[in-house]
Amino acid sequence: MNFRKAIMATGLAAAFGWPLAALATNGYFAHGYGVRSIGVAGVSIALPQDGLVAASNPAGNLSVGNRLDLGVHFFRPDRGAAIRGNGYGADGEFSGNQTHNFVIPEVGYVRQASPDLAWGVAVYGNGGMNTDYDRNPFAAFGSRGKAGIDLQQLFVTPSVAFRPAPGHSVGAALSFAYQRFAATGLSVFEGMTAHPGAVTDRGHDGSTGWGVKLGWLGQLRPDLRLGASWSSRIEMSEFDRYRGLFEGGGGFDIPASYGVGVAWQASRALTLAADWQRIEYGSVKSVGNPLSGGALGSDGGPGFGWNDVSVVKLGAVYAYDDRLTLRAGASRVQQPVPASQTFFNILAPGVVRNHYSLGASLKGAGCGEWSLAYLYAPKVTVSGSGSIPPSFGGGEAVLHMREQMLSLGYSWAL
């Protein structure tokens with residue numbers, strides 16, 4: 001498969017409705033990009049390993065050679081909620097797992113134009129969230145049918161990296177973002193919106209925007225590498241069909257993020273690496289505003305109440321021999337959903353905190369290499385505290401989520 005066909009395959013998968021969602025998530029951002037990065041719990045800022053490196057740090061293009069990487073992630077989240085102590089009879093347990101399995105393809109390509117210049121393009125899922133409740137948690141309040149949301153984000157990121165001085169590289173990238181969204185079973189919220197008829201059951205709607213990524217990678221000693229990266233906030237076009245759900249008449253921008261990383265060559269075979277990342281969910285009003293005050297869809301209106309989060313990722317890469325490389329990692333993210341905001345987040349219970357991963361790569365007889373990774377995020381439960389408004393009968397909403405993901409990739413050295 002050549003590069004152009006790989007790009008087309010990934011784009012068509014998103015355009016024609018494969019059951020795509022985010023990869024294993026920190027909030028609703030993907031936990032990592034590329035099968036090799038997933039194998040070390042998403043570590044990548046100072047540890048470039050494949051053609052998806054520009055998704056995390058475009059300066060890494062100069063460190064991976066000429067290559068084409070294809071990957072596919074088989075993602076299985078377990079998400080749901082409970083309502084307790086409600087005066088309108090909404091109490092019960094609710095499973096959001098009517099759709100169980102999701103497939104997320106990706107492709108990365110890098111070309112070394114000279115010893116000091118490289119360019120590439122990466123196509124990948126940046127984030128998303130899906131809930132699919134066969135039994136509607138809002139039925140006691142008047143909603144009908146099944147309930148849930150489906151948010152998907154596809155990024156196409158062309159990038160370039162330049163070496164201004166020995167041991168240092170800088171990179172820049174443009175990211176074209178396409179996201180699509182649908183909501184069902186939320187008619188109860190039609191009574192609290194500035195745009196009736198644009199809250200629920202409108203099918204999928206699309207939104208686009210452009211953002212910038214910048215990065216640096218420095219080889220400070222033969223055994224020590226540092227990195228830093230920044231991704232701008234992406235101003236997205238509105239979801240017109242859901243202008244009554246999201247703040248500002250359908251706004252759902254993609255928040256800025258930034259981070260630093262370190263990689264230490266502990267021995268000839270062993271590399272230890274770590275990342276720290278910050279995601280500014282709270283700066284996007286439709287994500288960060290609490291469910292209180294004003295009408296849904298209005299300027300400054302309610303959102304999901306998410307906080308900014310920090311993520312710490314640790315990973316180890318061990319070259320067992322010339323053909324086999326082993327990987328392991330763990331990470332922890334802050335809780336984005338406050339206990340006071342669990343009611344609306346029945347739709348988006350992105351509450352997992354710890355991720356653990358294993359991975360391996362095996363070189364073939366030619367220029368190809370297979371990679372495999374498995375990632376597990378244990379179940380986390382967040383109990384509400386003053387979470388259901390008195391106008392909805394009070395009580396508490398309890399969220400839970402756990403995730404598993406199996407990733408498979410194939411790489412060509414070009």
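Scope of the values below: all heavy atoms of this structure, side chains included, with no hydrogens, waters or symmetry mates.
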Please find the pair of heavy atoms, one from [X] and one from [Y], that lie closest to each other, and give the distance.
X	Y	answer
N61	V160	ND2-N, 4.1 Å
P378	N354	CD-O, 3.3 Å
Y133	S95	CD2-O, 3.3 Å
A81	L399	CB-CD2, 4.2 Å
A177	I254	CB-CD1, 3.8 Å
A59	A161	O-CB, 3.9 Å

Any non-hydrogen side-chain atom of [X] less than 4.5 Å from a side-chain atom of [Y]?
X	Y	value
P164	V170	yes
E106	D69	no
Q404	F74	no
D205	F252	no
R36	T325	no
I83	F94	yes
L291	M192	yes
I149	Y242	no

Could you walk me through whether V64 and Q49 pass the side-chain contact (heavy atoms from CB on, under 4.5 Å) test, one step at a time? CA-CA 6 Å; V64 297; Q49 297 186 84; 5.9 Å; no

Donor-acceptor contact present, side-chain [X] to main-chain [Y], <3.5 Å:
X	Y	result
E235	D253	no
T200	S187	no
Q112	G65	yes
S286	G251	yes
D134	Q98	no
R243	E238	no
S340	G386	no
D150	A182	no
Q153	Q179	no
S387	E396	no

Just checking, any donor-acceptor pair under 3.5 angstrom between side chains of [X] and [Y]?
X	Y	value
Y33	D50	no
E403	T25	yes
E369	S411	no
S361	R327	yes

Start with the C-alpha distance between F181 and F246, add both sets of side-chain angles, then the distance that settles ring-ring contact (aromatic ring centres under 6.0 Å, His included), and finish with yes or no. CA-CA 11 Å; F181 176 82; F246 292 125; 4.8 Å; yes

May I ask you to decide if the ring planes of W412 and Y410 are parallel, tilted or perpendicular, using 30° and 60° as cut-offs? perpendicular

Looking at [X] versus [Y], is the centre-to-centre ring distance below 6.0 Å?
X	Y	result
F138	F392	no
F162	W119	no
F304	Y281	no

Positive for side-chain hydrogen bond (donor to acceptor under 3.5 Å, both in side chains) with [X], one of [options]:
X	options	answer
S56	S37, S257, S44	S44
R79	N130, T131, D132	N130
D78	K379, H100, R402, H400	R402

Residues L326, L324; criterion side-chain contact (heavy atoms from CB on, under 4.5 Å); working and verdict: CA-CA 7 Å; L326 305 176; L324 178 63; 4.0 Å; yes

Would you compute the distance between atom [atom1] of [X] and atom [atom2] of [Y] and round it to the nearest 0.5 angstrom?
X	Y	atom1	atom2	value
S298	N289	OG	CG	9.0 Å
Q265	L272	CD	CG	9.0 Å
S63	R163	OG	CZ	7.0 Å
H73	M405	NE2	CE	5.5 Å
I346	L186	CD1	CG	10.5 Å
L151	S207	CG	OG	9.5 Å

Report, as yes or no, whether the 6.0 Å neighbourhood of atom CG on D322 holds more than 12 heavy atoms from other residues, nucleotides or ligands. no

Can you tell me if CH2 on W230 sees more than 12 non-hydrogen neighbours from other groups inside 6.0 Å? yes

Compile the donor-acceptor pairs under 3.5 Å between side chains in residues 208-216 and protein atoms, sequence neighbours left out, one pair per line.
unit_1	atom_1	unit_2	atom_2	d
K213	NZ	A55	O	3.2
K213	NZ	S231	OG	2.9
W216	NE1	H168	ND1	3.2

Is there a side-chain contact (heavy atoms from CB on, under 4.5 Å) between N26 and Q334 once you walk through the steps? CA-CA 8 Å; N26 290 318; Q334 290 178 317; over 6 Å; no

Verify side-chain contact (heavy atoms from CB on, under 4.5 Å) between Y109 and V123, making sure each step is shown before the conclusion. CA-CA 9 Å; Y109 175 79; V123 183; over 6 Å; no

The side chain to side chain contact (heavy atoms under 4.5 Å, CB included) partners of A82 (sequence neighbours excluded) come to R84, E93, V398

Please test E280 against R278 for salt bridge (charged side-chain N to carboxylate O under 4.0 Å, His left out), starting from the C-alpha separation and ending with a verdict. CA-CA 7 Å; E280 297 183 336; R278 185 73 170 173; over 6 Å; no

So does R221 pair up with D223, basic N to acidic O under 4.0 Å? yes

